[in-house]
Amino acid sequence: MSTIWYFENVNLYSVLCPHKIKRFSKQHSFKKFSKGDFVYFKEEYSRHIYLVSEGKVKITTYTEDGEEMIKAILTKGEIFGEMALLGEKKRKDFAQSVSANTCICPMEVEQMYDLMRENQQFGLAIHKIIGLRIRKLERRLELLFFKDVKTRLLDFIKELADEQPGSQKAEQIEIPLVYTHKDIADLIGSRRATVTTMLNELKEGGFIDYTRKSIHILDKSFLTEGAQVS
DNA sequence: TCATTAACTTCAG
DNA sequence: CTGAAGTTAATGA
């Protein structure tokens with residue numbers, strides 16, 4: 001199942017990007033965003049969905065006391081703003097570029113509907129992605145409430161591992177890291193320092209090896225069984 | 001005991 | 001040279 005998800009995820013870029021679709025080539029437009037620029041604001045009308053072609057985008061909401069809550073961090077090949085397709089009238093969150101040269105491909109909702117009607121397979125893929133996205137969020141929420149940080153980090157790594165191609169078969173898995181420790185901390189509801197400490201624990205335990213660029217899973221059994229690190 | 005805060009070092013642009 | 005990333009140890013729940 002996860003392989004399918006991966007498959008569709010990577011191919012989405014070629015499928016979705018308007019300049020690959022001849023009919024839309026004239027309005028083919030990439031939009032550039034600098035660090036800190038907003039792609040959309042809360043309460044804005046949900047007219048587009050977006051595909052990240054370069055850089056990194058974070059989706060956030062704010063709690064009553066003004067604290068930022070990060071719902072997701074998206075990188076190359078991933079879509080966001082997809083709630084527009086489910087009848088969302090106005091945005092319920094913010095989308096902000098967090099890298100210097102973020103490049104985004106906007107797609108009108110109406111066009112998306114047309115495409116999805118014409119191409120069933122494409123429509124199915126989109127629905128699947130949205131479904132998985134929602135499930136992922138629900139799961140994250142549950143974990144935040146009931147599990148400790150170590151479990152959450154383990155779960156996070158497991159999720160990344162599952163998204164890698166051929167991860168089912170392979171004993172060792174190389175995960176290219178698009179996230180910083182800070183990103184990971186934000187996503188699992190922890191702190192940068194804590195993430196580092198725990199990654200080091202896992203490293204010492206011989207479960208993983210990591211650099212800034214990637215996490216190498218040496219023994220994937222710990223993902224399912226839980227790491228026994230003291 | 002676990003995770004955070006704060007203070008420090010290293011890294012990348 | 002500066003801000004972000006990563007590390008380490010003290011401290012509080």
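Protein chains get the first letters and strands the later ones, always in sequence-line order, with residue 1 at the start of each.
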Query raised in the report: What integer distance in Å separates A:Glu201:CD from C:dT8:C1'?
Result: 13 Å
Query raised in the report: Mind checking what makes ring-ring contact (aromatic ring centres under 6.0 Å, His included) contact with A:Tyr62, not counting sequence neighbours?
Result: A:Phe94
Query raised in the report: Residues two or more places apart in sequence or in another chain: which of them pass salt bridge (charged side-chain N to carboxylate O under 4.0 Å, His left out) with A:Lys31?
Result: none
Report summary line: side chain to side chain contact (heavy atoms under 4.5 Å, CB included) test vs A:Ile215 passes for just one of A:Ile208, A:Leu202, A:Ile173, namely A:Ile208
Query - Check: A:Arg152 side chain, A:Leu187 main-chain N or O, donor-acceptor pair, under 3.5 Å - result: no
Query raised in the report: Measuring from A:Phe38:CZ to A:Lys58:NZ, what's the distance to the nearest 0.5 Å?
Result: 7.5 Å
Report task. Find the distance A:Leu202:CG to C:dG6:P and express it as a whole number of Å. Result -> 16 Å
Requested in this report: Figure out the NZ/C1' separation between A:Lys56 and C:dA4, and round it to whole Å.
Outcome: 11 Å
Report task. Grab the CD1-P distance between A:Ile184 and C:dA5 for me, whole Å please. Result -> 12 Å
Report task. Check the distance between B:dC2's P and A:Leu153's CG and give it to me in whole angstrom. Result -> 15 Å
Requested in this report: Could you please name the option among C:dT7, C:dA4, B:dA12 that lies closest to any side-chain atom of A:Arg212?
Outcome: B:dA12
Query raised in the report: Contact class for A:Tyr210 vs. all strands (heavy atom < 4.0 Å): base, sugar-phosphate, or nothing?
Result: sugar-phosphate
Query raised in the report: Taking CG from A:Leu199 and P from C:dA5, how many angstroms apart are they, rounded to a whole number?
Result: 15 Å
**Report entry** Distance in angstrom units between A:Lys182 NZ and C:dT7 P, rounded
**Finding:** 16 Å
Requested in this report: Spell out, as yes or no, whether a donor-acceptor pair under 3.5 Å connects the side chain of A:Ser97 to the backbone of A:Ser34.
Outcome: yes
Query raised in the report: What are the residues of residues 188-198 of chain A, sorted by number, that bring a heavy atom to within less than 4.0 Å of DNA chain B?
Result: A:Ser190, A:Arg191, A:Ala193, A:Thr194, A:Met198
Report task. May I have the distance from A:Lys58 (atom NZ) to C:dA4 (atom P), rounded to whole angstrom? Result -> 11 Å
